[in-house]
Amino acid sequence: MSMEKTFDAATAEARIAAAWADSGAFAAGANARAGQPAFSMVIPPPNVTGSLHIGHALNNTLQDILARWHRMRGFDVLWQPGQDHAGIATQMVVERELAKDPSNPTRAEMGREEFLRRVWDWKAQSGGTIIGQLKRLGASLDWSRNAFTMSGAPGAPAGEQGNFHDAVIRVFVDMYDKGLIYRGKRLVNWDPHFETAISDLEVESREVDGQMWHFKYPLAGGETYEYVERDADGNVTLRETRDYISIATTRPETMLGDGAVAVHPDDARYAPIVGKLCEIPVGPQAHRRLIPIITDDYPDPDFGSGAVKITGAHDFNDYGVALRNGIPLYALMDGRARMRSDGLSYAESAAIATRAAAGVDVGDVSAVNLVPEDLRGLDRLDARARVVAAINAEGLAVTDADGNPYVERKKIMQPFGDRSGVVIEPMLTDQWFVDTAAIVQPAIDAVRDGRTRILPEQHEKVYFHWLENIEPWTISRQLWWGHQIPVWYGLNLAADSFTDDEGDDALSPIELLRLLGDDQLVKAGDLHHAAAHFDDLVEAFRADIAGLPHPLQVSRVIEVADREAAVDVFAQALADYNLTQDPTRLVYPVWRDPDVLDTWFSSGLWPIGTLGWPEDTAELRKYFPTDTLITGFDIIFFWVARMMMMQLAVVGEVPFRTVYVHGLVRDEKGAKMSKSKGNVIDPLELIDAYGADALRFTLTSMAAMGRDPKLGPKHVEANRNFVTKIWNAVRFAEMNGVFAAPSGQPQPVHTVNRWIIGETARARIALDEALAGYRYNEAAQGLYGFIWGKLCDWYVEFAKPLFDGEHAEETRATMRWVIEQAITMAHPVMPFVTEEIWALTGSRDRMLVHGDWPEYGAELIDAGADRQMNWVIGLIEDIRSARAQMGVPVGAKLDLIVTQADAAAREALAANAPLIERLARVNAPMDGTAGRGMIAVAAPGASFALPIGEVIDASAEAARLEKSLARSEKDAGGLRGRLGNPRFVENADAEVIEETRGKLAALDEEIARTRAALEQLRAM
RNA sequence: GGGCGGUUAGCUCAGCGGUAGAGCACUACGUUGACAUCGUAGUGGCCACUGGUUCGAUCCCAGUACCGCCCA
């Protein structure tokens, strides 16, 4: 066998990956040793629409290192793979696919069931992209257990029958029953593109160019007041009589829905008019609305005019003010963020709003539509332009010095949907919420008391900060792709619209007609119940109607499509009954909530859901709680905090012991990678160019805790060179018959071999410590330093002469062992090249993926061999350095004259002479004295002279020695100063003092030797 | 505005109480039993600034400046 000059990653990787897959090397429990504990991780599930980006590469490399490391140590390892159904993203992708062919029906045209079938088709075809890509990275996930957050959902095709859906529904129903999930009309972030609510985390704020308009809200009845402005010292800077209050807004169209104007209670400028009414300067003149001027802490007196219009249904801050002050919430927009055209006429609406402003309780205002008829149906931006034009025309804009309407151009923060990219509208809608405040405490406690730790620690602060200020979680989404909310609604017939006049518990024809007439049914409220299946809640609805008059109370509960259908069906049934008096005709129709759950609600159950919960599976018992979660900081709230809350709420245990949060991979300049900047690095391209091992090693070496890796192709190239270096060291060994030597741990006698065995042990100790502490960069640096810096740079070079001598056999055996140890230790980081070397260098009963992780430690370190080899290395380096500085040709072989040496030095010289001769390019050491034409080299316990010829430049040699002397003396001076300080000697640790004395002694010796050499030189 | 970080060699970053390290880049030399995807030697640092704690500070504390990120 002979090895190629370089490792051919492209062909080897595919072959090796196939071998791992075929042998089931990554299956849960593979290579587990009896008695070893379990070690489990769940992959942060990539989106089913996703493809591998550099962040995945980092994330999965770090996990894979832990998985492989534990597997080689005999742990019962499960690294659980899977994907997330990504509600909005997937629905968007499939709709876009459909739209490519104009002959396709739209989503609305094909209907829910058909659309979902198409999504599953798409998933079957394209949903596995990232799995193949993770395999290319070498990720040792147990692919046979691949999970999916929508598995087992109704309509799931063959192959998707897992039970994740059961887990999600079960949890929803449980939490609903415990009152942890509730329905409410609240202001939510509404995505007008997808026409769905989204959670606050799915909104990103961006600074955009905006405009701020300033308008006058005239006081009711033409009232006036003294408006006074003062500077910081209280001096009056402006005093005028006003008949209006000035309001600044970036969204004039929302003025239509204003319910009040608020000022700060301490704002003296407006104190005279608090409690009075003012007029909204928009809408038909005949129906101008009046709204109260109220006080609230929210307005900032220093911002704008200090007075804020309150539009509770369209702004989160205003919403808070409105709730605190009982201001009605008037909705102005529809789901596509156009001005509403439903509900009451403007005239009727304005009348109701006017009553409300006067303090009358007007009840539910959802039918109140304060959009004037001429603006109804307009896009909000068109409406804005019309509103502004009307106000300007009326002269109610605040004007600048030239009399033009005053419009500030300024940067404003605007919310955008992270998926759709459109401006998010705060929208008042009925949604489902998780009462996060009720389940957050256990998640906080678990981290506080250390049951789960978050690394690096600084992220714990972020975690606490977020959890301690947690908002209710909007979990309903107006989408089709997702877990449909398991809630059914029924008409609330017990509402006051329906009364049993006679109190005889029987339905009289009059009562029946009243129920049918006057839109009573349409207006009836809803009841709702949650259950995993429709059949499970029939009883609950029966109980609801049990109090109704006969024979309604015996109606059959049936499921219909929606509320409209329910009204129709119920009315029809009543009509039938009226004709036939046959009570079996009576039905009580219920309909299911059409919305689905937020994808994060399901991925929040990932740890238990992937292990088979709610079934009590063996995997759940063995692998839960999982050990480590590795993830990016960007989803610490989205995912980590929610998993903590949900697992604790559902099964009462933390989902993982350790959360390791890694950074965001940036480009080499430190910029965030983004498509628009064009600086995205494709991990697959890097793998193609340099191999997966090089990429993995690079990412690992950059994974310093709390830092963002900055990655460029240069770095990967450098580490590809490291792969090549390893390969060639092995190639050298192979060419020298190393792998024909006996295997197993050798017991050599030569110091070189004893030394490298100790260095191997040191590397193993450092590596395990680094990995145990999640210090990946240290692990990588340790491997690099050991393999390149010790094994290749020194041991291989030392071995060359030994292969010809009496220690040849033990050297071969030692090199074999050291190389096998090195590739074993490097395997978790660089699995491909190490597996390949493993296969090429012996006939093995197991693949390296199931190799035995070394357990030896400091007992393999031979202090004497260490000392001797470090002396030899130091001497070689000093000779090389002296030669280079004196311009001795590299090829020239010099005599090595020992002018003085103590016993230890003589022993080291004698034992390692061939090594020194070869690496320092000198002849066998011989005793003698320094003379003309020689350069001097000092080593601990010895002095040397190397004749470099008659033409030596004595002044150059003197300069070299002086420079070295100066450096040593400077160092020695520092040490002496420290030791001379009595307070140092009194206070410092004994160890430190001893160490310092030792260093000084060594330096002093070196100084003495160098000085002696210098004197000799001068004497000649 | 609030919170969390960062500032160390030309670049990218380690180190985090005993007066500094790596990789890349750079310079010179080099076909010495694997490796030029390499080897050997070298250049390069008031460890942002100002105070404090300490026998001793790049490291701990406080402040300043600048740069990020997250949340308003």
Side-chain angles (χ1 to χ4, degrees), chain A residues 3 5-7 200-201 203-205 300 303 316-317 413 415 456 458-466 469 633-634 636-637 663-664 666-672 690-691 694 698 701-702 704-712 714-715 717-736 738 775 777-778 780-781 784-785 788-789 792-793 796-797 799-801 803-804 876-877 879-893 918-921 970-971 973-975 977-989 991-993 995-996 999:
Chain A
M3 291 168 66
K5 276 186 92 169
T6 55
F7 171 57
D200 49 352
L201 291 175
V203 178
E204 47 185 63
S205 292
D300 175 358
F303 187 80
F316 284 97
N317 290 313
M413 292 305 285
Q458 71 224 35
H459 285 288
E460 291 191 353
K461 291 184 194 168
V462 182
Y463 174 88
F464 290 134
H465 188 258
W466 191 68
N469 297 285
F633 65 86
D634 47 336
I636 195 162
F637 312 132
L664 178 79
R666 296 166 178 278
D667 74 7
E668 43 200 328
K669 294 187 194 97
K672 221 168 172 168
Y690 304 112
T698 305
S701 67
M702 290 175 168
M705 241 191 258
R707 282 285 202 157
D708 286 344
K710 290 179 190 148
L711 178 76
K714 284 240 161 205
H715 303 121
E717 188 186 341
N719 289 314
R720 185 273 320 267
N721 297 351
F722 179 43
V723 171
T724 307
K725 188 75 181 178
I726 298 172
W727 181 262
N728 275 290
V730 175
R731 181 164 173 259
F732 165 80
E734 196 274 330
M735 288 166 76
N736 284 280
V738 161
R775 294 187 301 273
N777 59 320
E778 286 182 21
Q781 278 158 18
Y784 192 97
W788 199 319
C792 295
D793 284 350
V796 166
E797 295 303 326
K800 285 173 183 174
F803 281 153
D804 300 329
I876 291 168
E877 283 178 338
I879 296 174
R880 282 172 171 172
S881 177
R883 291 173 56 121
Q885 284 178 57
M886 294 307 291
V888 177
V890 177
K893 218 167 179 199
R918 181 187 185 87
L919 295 183
R921 294 204 66 75
K970 186 185 163 226
D971 290 350
L975 295 175
R978 225 191 303 166
L979 285 165
N981 181 344
R983 283 181 301 183
F984 173 71
V985 185
E986 278 163 36
N987 295 308
D989 287 349
E991 258 176 60
V992 172
I993 296 170
E995 200 184 306
T996 311
K999 273 192 216 165

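In what follows, chains carry the letters A, B, and so on, assigned in the order in which the sequence lines appear, proteins first and then strands, with residues in each chain numbered from 1.
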Remember a base hit wins even if backbone is also touched, and classify A:V890 as base, sugar-phosphate or nothing at under 4.0 Å, heavy atoms.
sugar-phosphate
Would you say a side-chain N or O of A:R978 is under 4.0 Å from OP1 or OP2 of B:U19?
yes
At what distance, to the nearest 0.5 angstrom, does OG1 of A:T996 lie from CG of A:L979?
5.5 Å
Closest nucleotide among B:G23, B:C55, B:U37 to the A:Y784 side chain
B:G23
Output for pair (A:E995 CD, A:K999 NZ), nearest 0.5 Å, gives 5.0 Å
Base, sugar-phosphate, or nothing for A:P801, non-hydrogen atoms under 4.0 angstrom?
base
Return the value, rounded to whole Å, for the distance between atom CG of A:N777 and atom C1' of B:G15.
10 Å
Let me know the distance between CG of A:N719 and P of B:C13, rounded to the nearest Å.
15 Å
Options B:A41, B:G39, B:A34, nucleotide nearest the side-chain atoms of A:D793
B:G39
So A:Y690 and A:V723, do their side chains get closer than 4.5 Å, heavy atoms only?
no
Spacing of A:N721 atom CG and A:W727 atom CH2 [to the nearest 0.5 Å]
15.5 Å
Among B:A34, B:G18, B:U12, which nucleotide has an atom closest to any side-chain atom of A:V796?
B:A34
Which value, in whole Å, describes the distance between the C1' atoms of nucleotides B:C13 and B:U50?
27 Å
Contact under 4.0 Å: A:N721 side-chain N or O vs B:C38 OP1/OP2
yes
Check whether any side-chain N or O of A:N987 sits under 4.0 Å from OP1 or OP2 of B:C55, and answer yes or no.
yes
Here the gap from A:K893 atom NZ to A:R918 atom CZ, rounded to the nearest 0.5 Å, amounts to 9.0 Å
Quick one: sort the A:W788 and A:F722 rings into parallel, tilted or perpendicular, breaks at 30° and 60°.
parallel
Would you state whether a donor and an acceptor, one from the side chain of A:K5 and one from the base of B:A36, lie under 3.5 Å apart?
no
Given atom CE of A:M702 and atom P of B:C24, what is their separation to the nearest angstrom?
12 Å
Between B:A48 and B:G10, how far is it from one P atom to the other, in whole Å?
13 Å
Just checking A:R921: base, sugar-phosphate only, or nothing, at a heavy-atom cut-off of under 4.0 Å?
base
Does a distance-only test, which skips hydrogens and angles, find a donor-acceptor pair under 3.5 Å between the side chain of A:R880 and the base of B:U40?
no
CG of A:N728 to CD of A:E734: how many Å apart, nearest 0.5 Å?
12.0 Å
May I ask you to verify whether the side chain of A:E797 and the base of B:A34 hold a donor-acceptor pair under 3.5 Å?
yes
Drop me the distance from A:L711's CG to A:M702's CE, to the nearest 0.5 angstrom.
5.0 Å
Per nearest nucleotide of RNA chain B, the residue lying toward the 5' end, A:S701 or A:K970, is A:S701
Would you indicate what A:E460 reaches in the nucleic acid, counting non-hydrogen atoms under 4.0 angstrom: base, sugar-phosphate, or nothing?
nothing
Looking across every strand, which nucleic acid part, if any, lies under 4.0 Å from A:S881 by heavy atom: base, sugar-phosphate, or nothing?
sugar-phosphate
Output the single nucleotide from B:C24, B:G15, B:U37 whose closest atom is nearest the side chain of A:E778.
B:G15
Could you give the CD-to-C1' distance, from A:Q885 to B:G30, as a whole number of Å?
17 Å
What interatomic distance, in whole Å, is found between P of B:U19 and the corresponding atom of B:U32?
40 Å
If you measure from the P atom in B:G23 to the same atom in B:G42, how many Å do you get, rounded?
14 Å
Between B:G33 and B:A41, how many Å separate the two C1' atoms, rounded to a whole number?
23 Å
Using a heavy-atom cut-off of under 4.0 Å over every strand shown, decide if A:D804 touches base, sugar-phosphate, or nothing.
base
Of the listed nucleotides B:G39, B:C55, B:C13, the one nearest the side chain of A:K710
B:C13
Phosphate-side-chain proximity, A:W788 and B:G39, N/O vs OP1/OP2 below 4.0 Å:
yes
Quick one: which of B:A34, B:C24, B:G68 gets closest to the side chain of A:K725?
B:A34
In dot-bracket notation, what is the pairing pattern of RNA chain B, taking Watson-Crick (N1-N3 plus N6-O4 or O6-N4) and G-U wobble (N1-O2 and O6-N3) contacts under 3.5 Å, with [ ] crossing and | for other strands?
(((((((..((((....[..)))).(((((.......))))).....(((((..]....)))))))))))).
For the pair made of CZ in A:F803 and P in B:A34, what is the distance, rounded to whole Å?
12 Å
Select one nucleotide: of B:G33, B:U19, B:C55, the one nearest the side-chain heavy atoms of A:A988.
B:C55
Over how many whole Å does the gap from A:F722 atom CZ to B:C38 atom P extend?
12 Å
Given A:V992 and A:F984, is the side-chain contact (heavy atoms from CB on, under 4.5 Å) satisfied, shown in steps?
CA-CA 10 Å; A:V992 172; A:F984 173 71; 4.1 Å; yes
Look at all strands and tell whether A:Q781 reaches a base, only sugar-phosphate, or nothing, counting heavy atoms closer than 4.0 Å.
sugar-phosphate
What integer distance in Å separates A:H465:NE2 from B:C70:C1'?
10 Å
Take atom NE2 of A:H459 and atom P of B:C70, then tell me their distance rounded to the nearest Å.
12 Å
Against the six-membered ring of A:F732, is A:K800 placed for a cation-pi contact (under 6.0 Å from the centre, within 45° of the normal)?
yes
Would you mind reporting whether A:N719 and A:Y784 have side-chain heavy atoms less than 4.5 Å apart?
yes
Of A:V730 and A:D708, the one whose nearest nucleotide on RNA chain B sits closer to the 5' end is A:D708
Base, sugar-phosphate or nothing for A:A704? Non-hydrogen atoms, less than 4.0 Å.
sugar-phosphate
Of the candidate nucleotides B:A41, B:C38, B:C24, which contains the atom at the shortest distance from the side chain of A:E877?
B:A41
Taking B:C47 as the reference, what is the distance to B:C35 when you measure between their P atoms (whole Å, please)?
43 Å
